[in-house]
Amino acid sequence: MNTPNDPRTPRTPGDIEGDRRRKMARLRDELGIEPYGGRIDGLLPLAEARAKYDAAADEAHKQDATQDARPRVRVAGRVVQSRVMGNLIFLSLRDCSGDLQVAVSKKSVPPEVFKLAKQVDLSDIVTAAGPLGSTKTGEITVWSQGAPGGDAGLTLACKSLAPPPEKFHGLTDPEQRYRKRYVDLYANPDVMRTMQLRIRIIDEIRDYLRGRGFLEVETPMLQSLHGGAAARPFITHHNALDMPLYLRIAPELYLKRLLVGGFNKVFEINRNFRNEGLSPRHNPEFTMLEAYEAFGSWETVADLVEDLVCTVAMKVFGTLEINHRDAEDAEKITRTINLKRPWRRVSMVDLVREELGWSFNKKRASAQDVQTILSAIQTRSFRKIGLRLKESNPSLAGKLLQAGSVEAYRREKDKVLAFIRAELTHLEQEFNRLQNDGRLEDKAELERLDRQINTLTTLMNDFHRLIDESGAKREADVFLYKFTHMSPAEQLVEVYEKLIEPTLIDPTFVTHVPSAVIPLARENRDDPFFADVYELAINGVEISPGYSELNDPDVQERHLRHQVGDREEQQEIDGDFLEALKVGMPPAGGFGLGIDRLVMMLTGATSIRDVILFPLMRPQG
RNA sequence: GACCGGGUAGCUCAACCGGUAGAGCAUCGGCCUUUUAAGCCGCAGGUUCUGGGUUCGAGUCCCAGCCCGGUCACCA
């Protein structure tokens with residue numbers, strides 16, 4: 001970098017960093033200010049400082065300026081707004097607790113402090129000290145004021161050289177937000193709030209489990225064999241030992257070894273790594289809670305997780321009714337999740353029968369059942385379109401949703417398309433009219449129209465694709481081929497995951513899952529086709545599995561061998577784990593809880609990336 | 001992986017049928033002691049994601065690639 005910190009360097013327009021470096025050099029040279037500060041004692045978080053405001057003292061001081069009982073505070077924060085009004089300067093400071101305004105009046109501070117205040121840039125970190133008062137408009141404000149023998153009234157704690165985000169829109173590009181989370185966190189207070197909620201949720205989970213006698217442990221993340229789940233691992237290499245190592249896909253097998261060793265209740269909250277695709281619900285590294293309780297069962301851990309989630313929700317949110325709100329319109333509630341106990345418990349077979357009319361009998365689905373399932377899968381896609389139409393054309397949407405079959409959508413396709421086209425034309429006319437008028441105050445309206453047009457266009461695209469009979473047939477063929485080659489157990493699980501799980505918004509424990517897909521759980525004594533487990537779905541996704549853990553080493557070995565032979569996923573058998581079971585593991589209940597998804601559910605985040613501080617991003621380039 | 005949308009000033013976005021690339025905010029200079037996206041005056045700021053092609057002329061059209069988002073698929 002050849003931009004010296006020299007105020008005489010000729011200015012290149014638009015070079016924000018250069019401007020700031022020159023400004024910094026002036027502060028150093030002319031005011032003797034060190035722009036990277038040092039230790040500062042006695043600072044209050046902004047929210048705490050604000051809480052100290054004393055209205056009576058403020059009022060008294062306003063009546064009689066010689067009386068000043070206003071509380072004095074010292075605060076620090078990043079400058080997020082700056083309004084220089086000549087001889088009075090307002091700065092809005094922000095920290096992780098909130099915002100607080102500072103006012104610097106030329107009359108109340110020494111000239112060099114006022115000069116500094118004028119030089120302060122957005123994103124600089126400053127400290128301010130002075131009495132807490134309010135302004136004409138009632139905003140609680142620190143009135144910067146030096147004190148004999150200490151506070152300067154305003155100091156620079158850290159100069160920021162980078163260009164600040166746009167002050168009104170903030171940082172909005174999702175990519176930049178995830179890449180530059182350090183900016184996102186202060187530019188978008190919602191992000192800070194969500195992340196703090198995440199932290200509190202995890203704290204409360206730990207509190208809860210400790211309160212019930214669980215000990216938190218740490219087990220290997222680098223494993224020479226990856227086990228405990230079916231997933232592709234990340235592979236790495238240990239140089240000194242010259243051996244491959246895997247990043248763990250689950251801690252399960254180690255936690256169970258701890259039960260063998262004599263721990264009765266253990267849990268671990270930490271990262272798992274799965275080398276699979278990314279989606280709004282999948283990040284390659286994600287945080288899981290796993291807990292094991294000796295002498296428990298899937299039922300004891302179901303009770304536990306139910307109580308745990310409710311307790312956490314009450315402590316952090318004070319309610320069991322979780323509302324998700326529209327990103328555009330905070331008034332609009334898009335989804336309500338009711339966590340009130342007791343949570344429904346229903347077997348997978350009953351659920352499938354109830355929703356689809358498919359009576360699963362441990363055999364492959366009959367030709368007729370397959371047709372039912374296929375048409376349900378197709379209808380589901382259409383249903384989404386029906387739901388999206390609901391707001392703009394309730395009667396048409398109602399008709400489609402009620403008919404609920406692919407044929408109904410095909411029959412009505414001209415009407416649907418005609419409606420969408422008419423709507424688009426209307427919106428575009430509206431859009432052009434506003435744009436031609438060039439009325440700036442309607443900018444928000446323009447943006448709204450633009451979004452609606454966008455939504456409708458994608459809707460029309462989706463619809464075209466769906467009613468394209470050859471396309472639909474191709475998709476159906478692919479599905480039929482795959483589905484008819486599945487085992488009965490896989491068919492049941494497939495149907496559940498595709499068609500039922502996404503509709504389970506309120507908490508539902510799905511029980512009696514085919515044991516064939518769950519090798520680490522105990523088979524049901526009365527009907528070994530099913531395992532003694534639950535899969536808890538909330539918010540349309542699986543959030544927690546719970547097992548009666550399998551502790552018979554012979555059965556466990558058989559399951560694992562079967563899995564290895566059956567699946568393409570190369571997974572070596574963990575012989576040492578089987579050894580451990582031979583030593584003897586007490587019967588136990590165990591459960592997992594996907595922390596990221598839990599936080600999404602509780603905070604209404606629509607993407608897992610919104611609840612992870614630094615989600616995985618492809619390197620920039 | 002497939003489809004759709006997007007990539008233009010530091011930020012947020014415009015640019016009609018292919019004809020000199022604009023605005024707001026931020027920056028820079030000036031005015032202003034109760035602002036709340038403060039206001040007013042003025043200056044400046046561009047390899048239109050990259051590389052090819054068509055054309056007298058490309059931000060715009062075509063081809064290839066990169067990146068982001070959405071939907072679907074894959075994957076527990």
Side-chain angles (χ1 to χ4, degrees), chain A residues 11-20 22-23 80-92 99 101 103-108 114 121-123 133-139 141 143 162-179 183 187 229-232 249-250 272 274-282 284 286 380-381 384-385 388 432 435-436 438 440 443 446-447 450 453-455 457-462 464-466 471 474-475 478-479 482 493-494 497-498 501 517-518 535 541-542 545 567-569 592 594 606-607 609 617-621:
Chain A
R11 176 172 186 275
T12 352
D15 173 18
I16 290 178
E17 181 173 333
D19 285 339
R20 289 182 171 218
R22 273 181 288 279
K23 206 178 278 188
V80 290
Q81 276 179 39
S82 151
R83 292 177 287 275
V84 179
M85 324 253 323
N87 293 318
L88 178 64
I89 297 166
F90 291 101
L91 302 172
S92 298
D99 288 7
Q101 177 169 271
V104 185
S105 164
K106 191 174 189 177
K107 278 200 298 200
S108 356
F114 190 73
D121 283 317
L122 291 179
S123 291
S134 63
T135 63
K136 274 182 182 167
T137 50
E139 174 96 20
T141 299
W143 287 90
E166 208 262 354
K167 76 172 171 193
F168 181 51
H169 296 91
L171 188 66
T172 51
D173 176 17
E175 178 183 0
Q176 288 308 312
R177 290 188 38 217
Y178 298 135
R179 286 191 194 282
V183 177
R232 294 232 307 273
I249 55 176
N272 290 336
R274 298 189 181 177
N275 204 342
E276 282 152 12
L278 286 79
S279 87
R281 283 169 296 280
H282 301 263
F286 60 99
R380 187 190 55 156
S381 312
K384 281 189 193 158
I385 292 189
R388 279 149 77 188
N432 288 335
Q435 204 172 36
N436 290 337
L440 261 179
K443 183 130 199 202
L446 272 175
E447 281 169 13
D450 190 47
I453 289 171
N454 214 329
T455 312
T457 317
T458 35
L459 186 80
M460 188 155 72
N461 273 324
D462 289 355
H464 266 299
R465 208 181 52 236
L466 282 167
R474 200 168 49 237
E475 275 181 32
V478 171
F479 168 78
K482 267 176 36 193
V493 172
E494 168 81 5
E497 284 180 352
K498 272 250 161 55
E501 191 178 78
V517 300
I518 310 194
E535 280 191 10
V541 295
E542 187 189 341
R567 299 220 168 207
E568 286 173 28
E569 252 145 11
T606 49
S607 169
R609 294 178 157 195
M617 299 292 286
R618 200 188 290 267
Q620 215 152 13

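Lettering follows sequence order; numbering is per chain, from 1.
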**side-chain N/O A:Lys136 vs B:rU33 OP1/OP2, d < 4.0 Å** = no
**Request:** For B:rA38, take OP1 and OP2 only and decide whether either is under 4.0 Å from a side-chain N or O of A:Gln81.
**Result:** yes
Length of the line joining [X]:[atom1] and [N]:[atom2], which is rounded to integer Å:
X: A:Arg83; N: B:rC31; atom1: CZ; atom2: C1'; answer: 18 Å
X: A:Tyr178; N: B:rG70; atom1: OH; atom2: C1'; answer: 12 Å
X: A:Lys106; N: B:rU34; atom1: NZ; atom2: P; answer: 14 Å
X: A:Phe90; N: B:rA37; atom1: CZ; atom2: C1'; answer: 16 Å
X: A:Ile89; N: B:rC31; atom1: CD1; atom2: P; answer: 13 Å
X: A:Asn87; N: B:rG39; atom1: CG; atom2: C1'; answer: 16 Å
X: A:Lys498; N: B:rC75; atom1: NZ; atom2: C1'; answer: 11 Å
X: A:Asn275; N: B:rC74; atom1: CG; atom2: P; answer: 18 Å

**Request:** Looking at every strand, decide which applies to A:Val183 at a 4.0 Å heavy-atom threshold: base, sugar-phosphate, or nothing.
**Result:** nothing
**Request:** Quick one: label A:Arg274 by what it contacts on the DNA or RNA (base, sugar-phosphate, nothing), any heavy atom closer than 4.0 Å.
**Result:**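 Touches sugar-phosphate only.
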**Asked** What's the spacing between A:Arg20 CZ and A:Leu122 CG if we round to 0.5 Å?
**Response** 6.5 Å
**Request:** Output the distance between atom OG (A:Ser134) and atom CD (A:Gln101), rounded to the nearest 0.5 Å.
**Result:**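 If I round to the nearest 0.5 Å, the distance is 10.5 Å.
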Across all strands shown, which nucleotide pairs with [N] by Watson-Crick or G-U wobble geometry, both distances under 3.5 Å?
N: B:rG18; value: none
N: B:rU50; value: B:rA64
N: B:rC3; value: B:rG70
N: B:rA9; value: none

If you measure from the [atom1] atom in [N] to the same atom in [M], how many Å do you get, rounded?
N: B:rG42; M: B:rC63; atom1: C1'; value: 47 Å
N: B:rC25; M: B:rC67; atom1: P; value: 36 Å
N: B:rG59; M: B:rG52; atom1: P; value: 14 Å
N: B:rU50; M: B:rG7; atom1: P; value: 13 Å
N: B:rG22; M: B:rC62; atom1: P; value: 25 Å
N: B:rU55; M: B:rA2; atom1: P; value: 31 Å
N: B:rG57; M: B:rG19; atom1: C1'; value: 7 Å
N: B:rG39; M: B:rG5; atom1: P; value: 38 Å

Are [X] and [Y] side-chain neighbours, meaning at least one heavy-atom pair lies under 4.5 Å?
X: A:Asp99; Y: A:Gln81; value: no
X: A:Ser92; Y: A:Glu139; value: no
X: A:Ile249; Y: A:Asn272; value: no

**Item:** Earlier contact from the 5' end, RNA chain B, for A:Met85 and A:Glu542
**Value:**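 Closer to the 5' end of RNA chain B: A:Met85.
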**Complete:** Taking for A:Pro164 and for A:Ser92 the nucleotide of RNA chain B with the nearest heavy atom, the one nearer the 5' end belongs to A:Pro164
**Message:** Just to verify, what does A:Arg177 make a side-chain hydrogen bond (donor to acceptor under 3.5 Å, both in side chains) with, not counting sequence neighbours?
**Reply:**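 Per chain and number, A:Arg177 pairs via side-chain hydrogen bond (donor to acceptor under 3.5 Å, both in side chains) with A:Asp184.
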**Request:** For A:Thr606, enumerate each residue passing the side-chain hydrogen bond (donor to acceptor under 3.5 Å, both in side chains) test, keeping only those at least two apart in sequence or located in another chain.
**Result:** none
**Message:** Base of B:rU35, side chain of A:Glu139 - is there a donor-acceptor contact under 3.5 Å?
**Reply:**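 No such pair is found, so the answer is no.
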Of all the choices, [options], which nucleotide is nearest to the side chain of [X] once you look at every atom?
X: A:Leu88; options: B:rU34, B:rA26, B:rC32; value: B:rU34
X: A:Arg609; options: B:rU34, B:rG69, B:rC28; value: B:rG69
X: A:His282; options: B:rU27, B:rU33, B:rC75; value: B:rC75
X: A:Ile16; options: B:rU27, B:rU33, B:rC32; value: B:rU27

**Request:** Check the chi torsion on B:rC17 and let me know: syn if it falls within 90° of 0, anti if not.
**Result:**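 In terms of base orientation relative to the sugar, B:rC17 is syn.
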